[in-house]
Amino acid sequence: MSDRQKFIDSLLGKMTLQEKVGQLNLYNGTWEFTGPVPEDDDSQRKSENIKRGLVGGMLNVLTAAGTREAQHLAVAHSRLGIPLLFGYDVIHGYKTMAPIPLAQAASWDPQVARKCAKLAALEASASGINWTFAPMIDITRDPRWGRMMEGPGEDPYLGSVMAEAWVRGFQGDDLSRTDTIAACAKHFAAYGFSEAGRDYNTVDIGHSTLYNIVLPPFKAAARADVATFMNGFNELNGIPVTGSEFLQRQILKESWQWEGFVVSDWASIAEMITHGYARDLQDAAKKALSAGCDMDMESKAYEKHLDQLVVEGRMDQTLLDDAVRRILQVKYDLGLFKDPYRYCDPQREQSSILTGENLAVSREAARKSIVLLKNENQLLPLPKNEIKIGVIGSLAQDKDIPLGSWRAQAEQNSAVSLLEGLKALTGPENIRFAEGYKLTRGDRSFLYELDMVEEDESGFDEAVEMAQNCDLVVMAMGEDCWQTGEGRSQTDIGLKGSQTALLSRILAVNQKVVVIMMSGRSLAITEVAEAVPALLQVWHLGSEAGHAMAEVIFGDYNPSGKLPVSFPRHGGQVPVYYNHKNTGRPTTNPHDDGMVFWSHYTDCENSPLFPFGYGLSYSKFEYADFQLSADRIRSGESIKATVKLKNSGPFDGEEVVQLYIRDHVASVTRPVKELKDFQKVFLVAGQEQTITFEISEETLCFYDNQGNLICEPGEFTIMVGGCSLQLLKQMLSYEVV
Ligand code: NOJ
């Protein structure tokens, strides 16, 4: 028996029923721990409960001093002195903001994701936090959903690679180090498939999508030993996931043998009543714990009802013990029983947050997250001198929006703006600025909805005049970060306000326009993309946004990002994603030429504007000589796929080489393409390299509708290239012997 198990067994043996239930309660910190506790509010009750050992953890309690004070209530006053967990949404940074997770995924570089998570853990842990509610690894195909910004995009393989990298970044190799924190894979599961992209909405998907698209990143997180999981607000096929025994017990804890604990989402246990799944809070408590939800975030369902349910014999005590054990294990692994104050070090808090080193990590990630979508006649990179650049757009001077949604403790307006970045790199004398359009107004905070500025054209004339007198225009367009994130879904994924109207006016006087597109989702930007010669997708890049954008614009860094989501031609095309099924009528029948009976729209092409995996470089990468070491593969064997990659352009640069498969006939239909592997490769100008992938049985597998991973004999197309729509192909057959 391990020391951990011995320790926890002995502790469990000493705990009363109330103390056990207590470990399952997660309280929100609504009061200032560093100041006096107000007598007349709920906080008084909360602190009394902590002192009685009836609380397992807190969220939103911050700072070394604040967490120390809260921890002291638990450790010094409660009978058994069990320390608290301190959880917080540290999604892409604590004070130093890294790019939003969707942007990190666009780097297609797990090292970037890992370093960003490591940085977030370093800063959060210095401020008393020992548990983050991240990574969010919900695959989504719907940019209307505001939370697309928080996750890895549309693909389960890229999502799995990112999930593992984020978990390892937050947790390091050793959870007991004081600069690592427990991670939380969320939201289990299928939250990204909310109907019509409306947040918190119903999810109804088939098993094939669940097993093949939704679950793989969660499985990868579980395999990377993520300490905790969070369930979600949504129902899945009629069962709220918070009460889903199928997901939490059968799949996560039994099939995947995962040993961490599951926390509910905020009040999601109580919301099972509203869903129409639980009669009352007691019923909700019973259903949630039975289903495997170990900790209750802010429903107060466990606190109010679990002990009674156990005493009356209506709740199996072993399920309660199992939940408590899982929570205590995480506390043990964090080293909290050895030293409950190990994350509460004001000195470290002073010295390790927002340092130059941290900003450098953020900047590196930011430049690697930028995707070059269009670059006619090599307009980019721009020369640094002898060019008069007109910068346009309120987004260009904005120092807040680039911080992104879910920004933890970032100071408002603390990002480097595009304008600042450009001036820093080329010298202010080359840059002129006109605001041109205004984007949003109203209370710019996490909690409230924005007022969109509609058609304000008062700044147009000034911007047009400036554009006329400049060699070239850099125009920032896109969306406010508060148009994305939780509770911020939109029906219209086009550009708001008067941005496009201004762009037309600018183009009428100066066609050399570089558009810098800031967003937290894939926007429908066909009109812009067709009209301008150069387009960079920059997401919301974090604290160092402006510097990173300027480095790419002036060619100090050659862009290497690729889209982690398809960009639709039109909002009405959503969901549009690369790994779709073929349908029975994918094209016009040659005999019925001109007829309408095939799967299409009459007013828009089926293909996306920019496909998944797409992204240009200032250099040119050529693929040739794609070969398989054999054209058949038997069970247990593996073969090699090789392709020659040449950087035939004038710049050194990186390329993401992507490997896809298509399984032509299967007992459950397979998508037209599935990403199975990728490598990010650096080649100096002129260099050629052979890239090798291994293909084994595992590469060819899929999940059947019972959740079994299977591999069926037959014909496969193996594809390789720099984007999901432009690929070299070879046939491979798979035989079972
Ligand atoms: C609700 C969100 O869905 C979840 O992701 C977050 O971690 C919790 N609130 C806590 O803030």
Side-chain angles (χ1 to χ4, degrees), residues 25-30 56-62 84-94 100-102 117 120-121 124 129-140 145-152 163 166-167 170 181-194 197-203 217-218 221 226-236 240-242 244 247 260-272 274-275 288 293-301 330 404-410 445-448 482 484-489 520:
N25 297 326
L26 180 67
Y27 277 178
N28 186 35
T30 47
M58 304 211 58
L59 74 153
N60 299 334
V61 176
L62 306 175
L84 297 169
L85 288 170
F86 292 103
Y88 191 46
D89 290 287
V90 187
I91 306 297
H92 57 110
Y94 183 70
I100 57 169
L102 184 65
I129 305 302
N130 49 39
W131 177 27
T132 176
F133 302 128
M136 192 277 234
I137 45 179
D138 295 312
I139 296 303
T140 186
W145 191 47
R147 301 193 80 166
M148 177 182 260
M149 55 78 45
E150 243 183 285
W166 280 322
V167 170
F170 285 124
I181 57 181
C184 180
K186 71 187 188 184
H187 305 84
F188 197 61
Y191 182 36
F193 279 73
S194 306
R198 204 180 73 211
D199 209 1
Y200 317 126
N201 204 3
T202 307
V203 178
F218 288 104
V226 68
T228 70
F229 262 56
M230 186 187 292
N231 52 39
F233 295 124
N234 58 294
E235 66 164 67
L236 171 63
V241 295
T242 299
S244 172
L247 286 171
F261 75 84
V262 181
V263 62
S264 80
D265 203 343
W266 185 288
S268 69
I269 298 178
E271 285 177 18
M272 291 203 290
T274 327
H275 275 284
C293 171
D294 303 302
M295 190 182 257
D296 172 356
M297 185 199 293
E298 281 293 306
S299 288
K300 303 197 175 70
V330 173
S405 195
W406 284 116
R407 58 191 34 204
Q409 287 297 294
S445 81
F446 175 63
L447 292 175
Y448 300 99
W482 299 122
T484 68
E486 187 181 346
R488 292 186 161 89
S489 296

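One-based numbering, in listed order, for ligands and for the atoms of each.
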Check: Donor-acceptor pair, Asp265 side chain versus Gly232 backbone, under 3.5 Å?
Finding: no
Next item on the list: For ligand 1, indicate whether the residue Glu150 contacts it via side chain, backbone, both or neither (heavy-atom separation under 4.0 Å).
Entry: neither
Next item on the list: Would you please say whether a donor-acceptor pair under 3.5 Å links the side chains of Thr242 and Asn231?
Entry: yes
Next item on the list: Using a strict cut-off of 4.0 Å, indicate which atoms of ligand 1 neighbour a heavy atom of Phe133.
Entry: 7 (O)
Item checked: Backbone or side-chain N or O of Asp89 under 3.5 Å from ligand 1 N or O -> yes
Notebook entry, point to check: Does any N or O atom in Tyr191 lie less than 3.5 angstrom from one in ligand 1, N or O only?
Noted result: no
Note to self: For Glu271 and Tyr200, which I'm curious about, is there any donor-acceptor pair between the side chains at under 3.5 Å?
What the structure shows: no
Notebook entry, point to check: Below 4.5 Å, heavy atoms only, C-beta onward: do Met136 and Ile91 meet side chain to side chain?
Noted result: no
Check: Do any heavy atoms of Tyr88 fall under 4.0 Å from ligand 1?
Finding: no
Next item on the list: From the options Glu298, His187, Glu486, select the one whose nearest heavy atom is closest to atom 5 (O) of ligand 1.
Entry: His187
Notebook entry, point to check: What heavy-atom pair brings Phe261 and Val330 nearest, and what distance separates the two atoms?
Noted result: CD2-CG2, 3.6 Å
Next item on the list: Please work out whether the ring planes of Phe233 and Tyr191 are parallel, tilted or perpendicular, with thresholds of 30° and 60°.
Entry: perpendicular
Margin query: Which of the numbered atoms in ligand 1 are under 4.0 angstrom from any heavy atom belonging to Asp265?
Written below: 1 (C), 2 (C), 3 (O), 4 (C), 6 (C), 8 (C), 9 (N)
Notebook entry, point to check: Should you measure from each heavy atom of Met230, which atoms of ligand 1 turn up under 4.0 Å away?
Noted result: 4 (C), 7 (O)
Check: Ignoring hydrogens and geometry, is there a side-chain-to-backbone donor-acceptor pair from His187 to Asp138 under 3.5 Å?
Finding: no
Check: Hey, is Lys186 touching ligand 1 through its side chain, its backbone, both or neither, going by heavy atoms under 4.0 Å?
Finding: side chain
